[in-house]
Participant: 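Dropping a structure here in structure tokens format, bear with me for questions.
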Amino acid sequence: MKRIISLTALIAAGAVATAGMALAESDDAKEMTMFSEAQIDIQEALAVALDGMDAKIASIEFESEDGKAVYEAVAFAPDGTMTEILIDANAGTVIAQDPYMDDNEEDDDNG
């Protein structure tokens, strides 16, 4: 009886993992579609991020945030401060600008 229960649990876990992978692939496909349809490219997003700032871009990436196509840039100023800049990938405007927090700092704040 134990063997049947274990096999059933294993099959159920496999089904959940497969569904999770399909969902992740679906999200990736949606993000790729949003990227290909974005009205500004990464070079334009860099220019928008740096407009009016005395800084260098440390990183920039395309993301889907709350269903909206955005570029997320991290700027590094001469005084050592880092700023996260969110740019609308279709309008080409800054929609948010906040002090940068790396993933570890965000996790510490949430837990």
Side-chain angles (χ1 to χ4, degrees):
M1 187 67 168
K2 274 187 169 180
R3 188 166 269 158
I4 293 173
I5 293 172
S6 297
L7 183 58
T8 303
L10 185 60
I11 291 170
V16 169
T18 301
M21 287 173 41
L23 183 58
E25 287 177 13
S26 173
D27 288 345
D28 287 346
K30 287 178 187 175
E31 191 168 290
M32 288 302 295
T33 299
M34 291 175 79
F35 178 72
S36 68
E37 294 174 351
Q39 298 298 305
I40 68 167
D41 63 22
I42 200 163
Q43 293 295 328
E44 293 168 304
L46 280 168
V48 170
L50 288 173
D51 188 35
M53 291 188 76
D54 179 24
K56 293 182 180 180
I57 296 298
S59 69
I60 188 165
E61 63 184 333
F62 180 87
E63 294 183 355
S64 170
E65 186 157 308
D66 298 326
K68 188 172 194 162
V70 299
Y71 289 98
E72 181 182 293
V74 176
F76 187 78
D79 67 1
T81 60
M82 296 178 76
T83 304
E84 184 176 272
I85 307 157
L86 215 56
I87 300 138
D88 185 306
N90 290 306
T93 57
V94 173
I95 53 178
Q97 188 169 330
D98 298 301
Y100 173 74
M101 289 177 45
D102 68 21
D103 291 338
N104 292 332
E105 289 175 2
E106 290 175 11
D107 290 344
D108 291 346
D109 288 347
N110 292 331

Participant: According to a hydrophobic-cluster definition based on side-chain heavy atoms being under 4.5 Å apart (Ile, Leu, Val, Met, Phe, Trp, Tyr only), do Val74 and Ile60 belong together?
Facilitator: no
Participant: According to a hydrophobic-cluster definition based on side-chain heavy atoms being under 4.5 Å apart (Ile, Leu, Val, Met, Phe, Trp, Tyr only), do Met82 and Met53 belong together?
Facilitator: no
Participant: Over all heavy atoms of both residues, which pair between Gly92 and Val48 is shortest? Give the atoms and the distance, please.
Facilitator: O-CG2, 3.4 Å
Participant: Can you list the steps and then say if Tyr71 with Ile40 is a side-chain contact (heavy atoms from CB on, under 4.5 Å)?
Facilitator: CA-CA 10 Å; Tyr71 289 98; Ile40 68 167; 3.8 Å; yes
Participant: Indicate the atoms forming the closest heavy-atom contact of Ser64 with Met34, along with that distance.
Facilitator: OG-SD, 3.6 Å
Participant: May I ask whether Leu46 and Phe76 are part of the same hydrophobic cluster, defined by side-chain heavy atoms of I, L, V, M, F, W, Y residues being less than 4.5 angstrom apart, directly or through others?
Facilitator: no
Participant: Looking at Glu65 and Val70, what are the two nearest heavy atoms and their distance?
Facilitator: CB-CG2, 4.0 Å
Participant: What is the minimum heavy-atom distance between Ile57 and Ser59, and which atoms define it?
Facilitator: CG2-O, 3.3 Å
Participant: Locate the shortest heavy-atom distance separating Ala49 from Ile87; write the atom from each residue and the value.
Facilitator: CB-CD1, 3.7 Å
Participant: Sequence neighbours left out, what pairs pass ring-ring contact (aromatic ring centres under 6.0 Å, His included) with at least one residue falling in residues 31-60?
Facilitator: Phe35-Phe62
Participant: Would the number of heavy atoms belonging to other residues, nucleotides or ligands and lying under 6.0 Å from CG of Asp79 be above 12?
Facilitator: yes
Participant: Rounded to the nearest 0.5 Å, how far apart are OG1 of Thr93 and CG of Leu86?
Facilitator: 10.0 Å
Participant: How about CE on Met32, more than 12 heavy atoms from neighbouring residues, nucleotides or ligands closer than 6.0 Å, or not?
Facilitator: no
Participant: Restricting to non-hydrogen atoms, name the atom on Gln39 and the atom on Glu44 that form the minimum distance, rounded to 0.1 Å.
Facilitator: O-OE1, 4.1 Å
